[in-house]
Structure formats: C-alpha cells, structure tokens
Colleague: 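Just passing along the structure, written as structure tokens.
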Amino acid sequence: MGFLRLLVLLWGLCGLPAMAGGLIEPPSLTPPTAAQAAALLGLAGPLEVTRIDGGVPGWQISEGGKVVGEIGSSWEIAGTLGYSGQPLDVLVAVNPEARIAGALLVRQSEPVLTLGISEADIAAYVAGFSGRDLRADAPLPPVIARATVSTGVIADGILTTARTLAIGRGLLQGGGIDRLAYQPATWAELTRTGALAEVRVSMDEAAKGLEGAKVPVAPGPGDFLHLWAGLIDPPTVGQNLLGQQGFTKAMGKAGDAGAVLAVMSLGLQSHRGTDWKRTGIFDRLEVVQGDTRWQPTADAWQMVKTLDLPDAPAMKEVSLFALPPQIDPLQPFTLHILARRDTATGEVVLTTDLPVTLAEAFRSAPPKPLWQSAWETKRPAVIVVGVLLVVLTLILFAQEAITRRPRLWLRGRAAYLLASFLILGVGLNGQLSVVQVVAFVQSLLTGFRWETFLIEPVIFTLWGFVALGMLFWGRGVWCGWLCPFGALQELTNIAAQRLGVRQIAVPQALHERLWVIKYTAFVAILALSFYSMKDAILLAEIEPFKTVFTLRLMRAWPFVLFVLALLTAGLFIERFYCRYLCPLGAGLALPAKLKVFDWLKRRPQCGRECRLCETKCTVGAIDAIGRINPNECVLCLRCQVTMNDANQCPVLKRRARGA
C-alpha cells in the first residue's frame with residue numbers, strides 16, 4: 001500500500017498540471033443552422049444567419065433583409081461551465097420584443113444528464129424558457145428534481161446569455177431603472193427621495209448674472225427661474241406626477257427611448273422659450289454627460305399641461321424630453337439652463353447647472369445570481385443540515401464522555417446513522433460523490449467558479465464541513481457518520497446481526513489487498529476525466545449513490561441488482577462497499593494523515609498484550625500491533641468504547657483486580 005499511496009501522490013502533484021496543459025481542448029462553438037434558427041424563433045423561413053463578432057458575439061437572424069432575432073451561445077457569452085467542470089453550451093434565441101424565443105442544449109457533460117435523465121426531460125426543461133419576458137422577473141421553469149445542480153447551471157446560462165444578448169443588441173436597457181415597482185408618493189416625498197432635482201435663481205442673482213443686457217433684469221426677491229428635473233421612467237415618479245393615464249401616454253409616445261426627462265419650471269424665465277418653434281431645437285436647455293452634449297429637439301419633446309399631484313407647485317411649464325441613446329440615464333448628468341440677453345456689444349449668457357442623478361430608491365436591483373436564489377429557497381434544508389453537523393461536532397468533541405457509556409454510544413450512533421440515511425439521503429439527496437471531487441479538480445484546472453458549486457446548498461455545506469472536519473478528525477467525519485449509503489450499510493448489518501446472520505471475518509492479508517480496488521478506481525476515474533468526462537462518469541457508476549438516492553432505484557435492472565448485491569454482501573461483511581469499492585472513500589483517505597489532531601487514544605498494551613480492539617473494529621482499520629490506520633478508520637469510536645469498558649478491556653480488568 002505504501003507504493004500505491006506514493007504513486008497516487010506523485011501523480012496528483014506532477015501529472016495533473018501536464019494533463020491540464022495538454023489534454024483539455026478549448027471547446028468549439030456550434031453555430032446554429034438556418035433550420036435550427038427557424039425552430040428556435042418559431043419562424044418558417046427562409047432565414048439568413050449572420051455571424052457577429054463585435055461587442056456581444058453571436059448570430060443575427062434575418063428574414064427578407066429584416067432582423068427577426070438574435071442567437072447567442074451560453075458558452076461564448078456567459079462562459080457556462082457545468083458541475084462536471086466541462087463546458088455546457090446552450091443556443092439561446094431572443095426576439096425583437098426582448099423575449100426568449102427558444103433555447104437548444106447543444107453540448108453538455110453533466111453526470112446526471114449523461115446517465116439517468118431522458119433527452120425528453122432535458123428538452124422539456126430547456127424549452128420551458130420559451131416566451132420568457134426579459135423585462136419581467138418571472139418564475140423559472142421547475143427544475144428536474146433528480147438533477148437540480150445541472151439544471152440550475154443551464155438556467156443560469158440561458159438567462160445570462162439572453163439578457164447580455166438583448167442588452168448588447170439594444171433590445172433591452174442595461175438594467176438599473178426600476179420600471180415595475182410603484183408606490184404612491186407626494187411631491188414632498190419625491191423631492192425628498194431625490195427623484196426630482198431642484199435649482200432656484202432669484203431675480204437678484206439673474207440681474208447680476210445678466211448685467212449689461214439691453215433689457216436689464218430688475219433685481220428683487222422673486223424667482224427668475226425655479227426649476228425641477230428628473231427621470232419619470234420609474235412608475236413611482238412618473239405615475240404620481242402624471243397620473244396613470246398620463247404616464248402610460250407619455251411613455252408610449254417616447255417609444256423605444258432610453259429614458260424620459262421631465263423639466264418643470266416657475267418664474268420669469270421660460271425653460272422652453274419660443275425659438276424652438278422655428279429651429280426645432282430647445283436652445284435654452286443642454287444635457288451634458290462627460291464629453292457628450294445634447295440639446296433637446298422638437299421630435300423628442302412632449303408638453304404636459306398640469307401635474308397630477310395635489311401638493312405640487314402650480315407649474316408655469318412642464319416638458320418631457322426623450323433622452324437619446326448616447327445619454328446613459330444610470331449615470332449622473334447635468335442639465336444646463338441658459339438665459340441669453342443681447343448687449344450693446346453682443347450677448348450675455350447666464351448658465352444655471354442642475355445635476356441630475358437617478359436616486360438609489362428607483363434603481364432596480366440586478367437579477368439575483370442563481371446560487372443566491374438557491375440558498376434562499378433551500379434555507380430550511382441548510383438549517384436542518386446545519387443542525388446535524390452541530391450535533392456531530394458535539395459528539396466528536398465529547399467522545400471521551402460518550403464512549404465511557406456504551407449504551408449511550410450505541411443508541412446515539414444508531415439514531416444518528418438513521419438520521420443521516422433518512423434526512424440527508426432520502427430527504428435532501430445529500431449524498432456526496434466522487435464525481436464532485438473530479439468536478440472540483442477539473443474546475444481548478446479549467447477556471448474555478450464558486451457559483452457552480454454554490455448552486456446546490458446542501459452539497460456545498462456538507463463538502464465545507466467535510467473539508468474542515470478532515471483537518472480535525474480525518475475521513476471518518478463523512479464516511480463514518482454522514483454518508484447516507486454508509487449509514488444504510490451499517491444499519492442493515494446491525495439488523496442482520498440481531499437476526500443471527502453470521503459475520504464473515506476477512507483474513508488480514510486478503511483484507512489489505514482488496515483495498516487496492518477502491519484506490520485504483522479513484523485514480524482511474526480522476527485520470528480518465530482528463531480524456532473523456534463521459535467515460536469517467538460511466539466508470540463512476542461503481543458508486544451506487546445515484547441509483548439509490550438520486551433516481552430512487554428507478555433505473556435499469558443491472559443498476560438495481562448491483563445495489564442489492566452490495567447491500568447483501570454488507571449483511572455478512574459490515575460496510576463491504578466502504579471497505580473495498582468506494583472511490584470517494586479512497587479519495588478522502590489520501591489526505592487522511594494530514595489531520596492536525598489525533599483524537600483516538602491507544603494504550604502501550606494495545607497490539608502487544610491485547611488485540612481485542614482489532615477484532616472489534618468492523619472495518620479492519622486496526623493492524624496486528626494495535627495501530628489505527630487513518631486511511632481506513634471511519635471514526636465509529638467502537639475501539640474507544642472497548643478501551644473504556646471495564647467489562648471488556650483486559651487492561652482495565654487487570655487493574656481492577658489490582659494486578
């Protein structure tokens with residue numbers, strides 16, 4: 001075993017980088033055919049497919065010279081990686097109305113999707129996104145219950161690709177303006193929240209600023225100009241200012257404009273003037289954003305006679321201006337109000353600046369990442385798992401007190417194993433797999449993303465605890481307590497012994513040689529994944545977990561027969577599968593000796609004067625000289641119970657006799 005362990009470690013340290021550099025080929029894009037484009041967009045055709053590489057890459061679909069849709073690759077646009085660590089590519093079609101017209105899965109290497117889920121199930125799930133309005137936050141199609149992680153990755157890729165493509169083609173605003181939420185608000189509340197910016201120029205200030213004009217401005221306490229401005233796109237702003245009908249009419253006239261700016265004023269000076277009727281340009285106004293300057297034109301203007309708010313000032317003028325695409329409404333801009341007067345030598349101009357910024361209260365939150373939504377949805381499940389993990393932590397920290405009470409240990413362990421099987425396995429599908437180890441290694445070499453692993457909260461929580469627990473206690477944290485299939489084996493073996501089933505003692509020499517199977521299986525699965533993930537997943541079928549917990553035994557008879565054979569063998573040899581076949585256990589065993597603490601106690605007499613613990617160990621983890629092999633120990637604590645039991649341990653018996 002020493003040679004095998006050394007071989008595995010050397011392969012892990014030296015072989016992986018070489019494989020990563022030479023065996024992983026960059027995925028090639030799968031361009032849509034004209035027939036696929038027609039099917040995705042629901043059109044008869046004939047259609048033209050044109051590749052676009054500038055900006056957001058993809059394919060533009062035309063019919064008779066008219067653009068009828070856009071298609072993008074989730075791999076190219078969103079860089080979608082599946083849970084397998086391999087590219088997952090979905091062609092997503094968006095129509096001119098900013099709706100997902102269709103989606104087609106063209107490449108995937110997902111474990112569950114490769115085996116056990118029908119193509120019809122996958123196609124139905126992907127097709128469920130058709131018709132989704134990208135402007136609305138509609139519920140996602142129901143995930144495939146037996147493939148929550150993989151279908152979650154697909155959903156995230158489809159939505160990210162569709163939104164990015166729609167924004168890049170100008171079909172959808174880049175987000176940020178909340179055009180859905182509405183709350184009743186008064187004029188005072190709108191000004192207080194920053195929906196409307198305000199500036200005031202007194203007659204005294206105007207007289208000074210326009211000094212030298214042929215027609216001077218008479219100084220005084222009144223308003224030369226009192227002006228408010230703000231974006232009316234948020235319904236809380238526009239609908240309160242204009243009323244529901246007025247708001248609908250105003251936004252309808254604005255058409256596909258990026259945003260609509262309201263300018264409202266009182267005072268001697270008009271913000272509109274009259275020259276615009278002749279020139280078509282409102283030369284008294286100028287919108288400045290960075291190096292961009294824009295003066296409103298007559299075709300971008302709408303007049304509003306009165307505001308709908310009772311507490312609003314009685315405005316002299318109210319104007320609505322549709323902002324052009326070069327003005328980003330999400331970024332601050334400045335409204336310049338110009339007052340011009342002729343002088344004896346030319347013209348004097350008084351410029352008043354009014355900064356306008358979309359208030360945070362009216363910015364729409366970006367769509368929640370799918371992993372975040374998953375954690376919110378599965379919060380009760382995570383809490384349940386957290387309780388189980390806290391209980392296990394207390395058990396392991398209090399092992400001295402527990403193992404001195406054999407009955408408490410026996411009943412407590414049986415109860416915990418039953419909870420692991422029923423809650424983690426049957427209820428939450430929280431069975432870890434060697435496929436996840438392979439996926440993690442692949443992601444480290446091809447571009448690690450936390451989001452992929454965070455999509456399944458229960459699995460992520462368990463892996464986090466197992467990783468930390470291995471530093472304290474070794475592989476037994478998972479294998480001996482949390483693993484649902486391991487729990488099922490031990491519980492069925494306990495029942496078999498109660499029924500008088502005679503146990504088979506495997507000779508130590510054969511026992512150690514059989515270990516080679518699981519270590520070889522782990523290395524083979526990991527190595528094969530660099531050549532073909534699909535083949536690696538096929539080899540990973542040595543794990544019965546998917547058949548038992550994911551697919552609930554609803555598989556072809558050879559898989560079910562394999563599970564029954566393993567459980568039958570476990571009736572005669574406790575944890576038969578864990579001992580000799582489990583590649584996940586082998587993977588967790590490799591770093592077992594890196595644990596920081598050694599919680600399991602031994603006496604000098606162990607293995608010399610007494611070998612009782614060796615015979616009591618149900619997984620054969622104690623050798624002939626009393627040493628505990630951390631690679632095989634499942635931390636069941638049986639040896640600690642035996643050592644602390646004065647009725648079993650020969651050393652304690654001898655001490656009790658005073659010998």
Side-chain angles (χ1 to χ4, degrees), residues 173 176-179 181-202 205-206 209 222-242 246-247 250-251 254 257-273 282-290 292-296 300-304 306-309 311-324 326-339 349-364:
Q173 282 292 310
I177 298 180
D178 187 351
R179 292 183 168 89
Y182 168 75
Q183 292 291 334
T186 63
W187 176 268
E189 290 170 339
L190 291 178
T191 54
R192 185 171 60 250
T193 57
L196 301 174
E198 179 182 6
V199 68
R200 193 169 191 167
V201 180
S202 68
E205 292 170 328
D223 290 335
F224 176 75
L225 177 67
H226 193 175
L227 186 134
W228 295 263
L231 299 172
I232 68 163
D233 296 69
T236 299
V237 181
Q239 190 170 325
N240 280 301
L241 284 176
L242 308 177
F247 175 62
M251 298 308 294
V260 177
L261 175 67
V263 180
M264 302 159 283
S265 65
L266 291 171
L268 178 66
Q269 175 74 3
S270 167
H271 70 259
R272 289 198 298 250
F282 291 86
D283 60 353
R284 296 189 179 189
L285 297 175
E286 186 178 43
V287 176
V288 179
Q289 188 176 64
T292 302
R293 291 178 175 271
W294 174 75
Q295 284 191 309
W301 170 68
Q302 297 180 56
M303 184 180 71
V304 175
T306 58
L307 297 178
D308 199 55
L309 285 175
D311 63 332
M315 297 296 178
K316 179 181 176 181
E317 294 177 334
V318 178
S319 299
L320 303 180
F321 297 104
L323 295 177
Q326 59 264 34
I327 300 297
D328 185 354
L330 302 178
Q331 301 301 320
F333 58 87
T334 301
L335 179 63
H336 291 333
I337 305 95
L338 309 175
V349 180
L350 172 63
T351 302
T352 303
D353 295 343
L354 178 58
V356 178
T357 302
L358 180 66
E360 290 298 327
F362 307 111
R363 292 176 181 264
S364 62

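Computed from a predicted model, the values in this text were never measured in an experiment.
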Colleague: Do Trp187 and Trp228 have side chains that approach each other closer than 4.5 Å (heavy atoms only, starting at C-beta)?
Modeller: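 In short, these two side chains touch, coming nearer than 4.5 Å.
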Colleague: Please name the pair of heavy atoms, one in Ala359 and one in Ala195, separated by the smallest distance, quoted to 0.1 Å.
Modeller: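 Taking every non-hydrogen atom into account, CB-N, 4.4 Å.
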Colleague: Tell me if a side-chain donor or acceptor on Thr236 pairs with a main-chain N or O of Gln183 at a distance below 3.5 Å.
Modeller: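 Checked: pair present.
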Colleague: Do the side chain of Lys316 and the main chain of Ser270 share a donor and acceptor less than 3.5 angstrom apart?
Modeller: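 No: the side chain of Lys316 does not pair with the backbone of Ser270.
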Colleague: Taking side chain to side chain donor-acceptor pair (under 3.5 Å) as the test, write out the residues that go with Gln331, two or more places apart.
Modeller: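 Partners of Gln331 by the side chain to side chain donor-acceptor pair (under 3.5 Å) criterion come out as none, since no residue qualifies.
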Colleague: With distance as the sole test, does Asn240 use its side chain to make a donor-acceptor pair with the main-chain N or O of Thr186 at under 3.5 Å?
Modeller: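 Checked: no pair found.
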Colleague: Does the side-chain contact (heavy atoms from CB on, under 4.5 Å) test come out yes or no for Leu338 and Asp283, once each step is laid out?
Modeller: CA-CA 8 Å; Leu338 309 175; Asp283 60 353; over 6 Å; no
Colleague: Quick one, Leu358 and Pro234 - any side-chain contact, counting heavy atoms below 4.5 Å?
Modeller: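 Leu358 vs Pro234: side chains touch.
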Colleague: Do Pro296 and Trp301 have side chains that get closer than 4.5 Å, going by heavy atoms?
Modeller: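 Side chain of Pro296 against side chain of Trp301, heavy atoms only: no contact under 4.5 Å found.
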Colleague: Calculate, to the nearest 0.5 Å, the distance between atoms NE2 and OG1 belonging to His336 and Thr351 respectively.
Modeller: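 That separation rounds to 7.0 Å.
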Colleague: In the structure I gave you, are the side-chain heavy atoms of Glu198 and His226 within less than 4.5 Å of one another anywhere?
Modeller: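 The answer is yes; the side chains approach within 4.5 Å.
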Colleague: About how many Å separate OG1 of Thr352 and CG of Leu227, when rounded to the nearest 0.5 Å?
Modeller: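 Result: 8.5 Å between the selected atoms.
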Colleague: Looking at every non-hydrogen atom in both residues, tell me the closest pair between Pro313 and Leu266 and how far apart they are.
Modeller: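 What the structure gives for the nearest pair is CB-CD1, 3.9 Å.
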Colleague: Measure the CZ-OG1 distance between Phe362 and Thr193 for me, rounded to the nearest 0.5 Å.
Modeller: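 If I round to the nearest 0.5 Å, the distance is 4.0 Å.
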Colleague: With a 4.5 Å cut-off on side-chain heavy atoms, are Leu190 and Leu309 touching?
Modeller: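 SC-SC contact between Leu309 and Leu190 confirmed.
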Colleague: Tell me which one of Leu261, Leu242, Leu241 satisfies side-chain contact (heavy atoms from CB on, under 4.5 Å) with Leu320.
Modeller: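 Running side-chain contact (heavy atoms from CB on, under 4.5 Å) over Leu261, Leu242, Leu241 with Leu320 returns exactly one hit, Leu242.
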Colleague: Specify the closest pair of heavy atoms between Leu307 and Ala312, including all atoms of both residues, with the distance to one decimal.
Modeller: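 That closest heavy-atom pairing would be CD1-CB, 4.0 Å.
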Colleague: Just verifying a value: how many Å separate Leu231 CG and Phe321 CZ, rounded to the nearest 0.5 Å?
Modeller: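 With rounding to 0.5 Å, CG (Leu231) is 13.5 Å from CZ (Phe321).
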Colleague: Mind listing the closest non-hydrogen atom pair of Ala229 and Val356 along with its distance?
Modeller: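 That closest heavy-atom pairing would be CB-CG2, 4.3 Å.
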Colleague: Out of curiosity, Arg293 CZ to Thr334 OG1, how far, rounded to the nearest 0.5 Å?
Modeller: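 Answer rounded to 0.5 Å: 9.5 Å.
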Colleague: Under 3.5 Å, side chain of Glu286 to main-chain N/O of Ile337, donor-acceptor pair present?
Modeller: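 It does not hold such a pair.
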Colleague: Do any N or O atoms from the side chain of Gln302 and from the backbone of Ala250 form a donor-acceptor pair under 3.5 angstrom?
Modeller: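 Side chain of Gln302 to backbone of Ala250, a donor-acceptor pair under 3.5 Å: yes, one is there.
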Colleague: Quick one, Ile232 and Met251 - any side-chain contact, counting heavy atoms below 4.5 Å?
Modeller: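 In contact.
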Colleague: Looking at every heavy atom in both Arg272 and Val318, which two are closest together, and how far apart are they?
Modeller: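 Scanning both residues completely, I find the closest heavy atoms to be NH1-O, 3.3 Å.
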Colleague: For the pair Asp328 (side chain) and Phe333 (backbone), establish whether a donor and an acceptor sit closer than 3.5 Å, ignoring hydrogens and angles.
Modeller: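 No.
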Colleague: Within a strict 4.5 Å, meaning less than it, do heavy atoms of the His271 and Arg284 side chains meet?
Modeller: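 No; the side chains remain at least 4.5 Å from each other.
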Colleague: What's the separation between atom CG in Leu196 and atom CD in Glu189, rounded to the nearest 0.5 Å?
Modeller: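 Between atom CG of Leu196 and atom CD of Glu189 there are 12.0 Å.
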Colleague: Looking only at non-hydrogen atoms, find the nearest pair between Leu350 and Gly209 and report the distance.
Modeller: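 Leu350 and Gly209 have their closest heavy atoms at CD1-CA, 4.1 Å.
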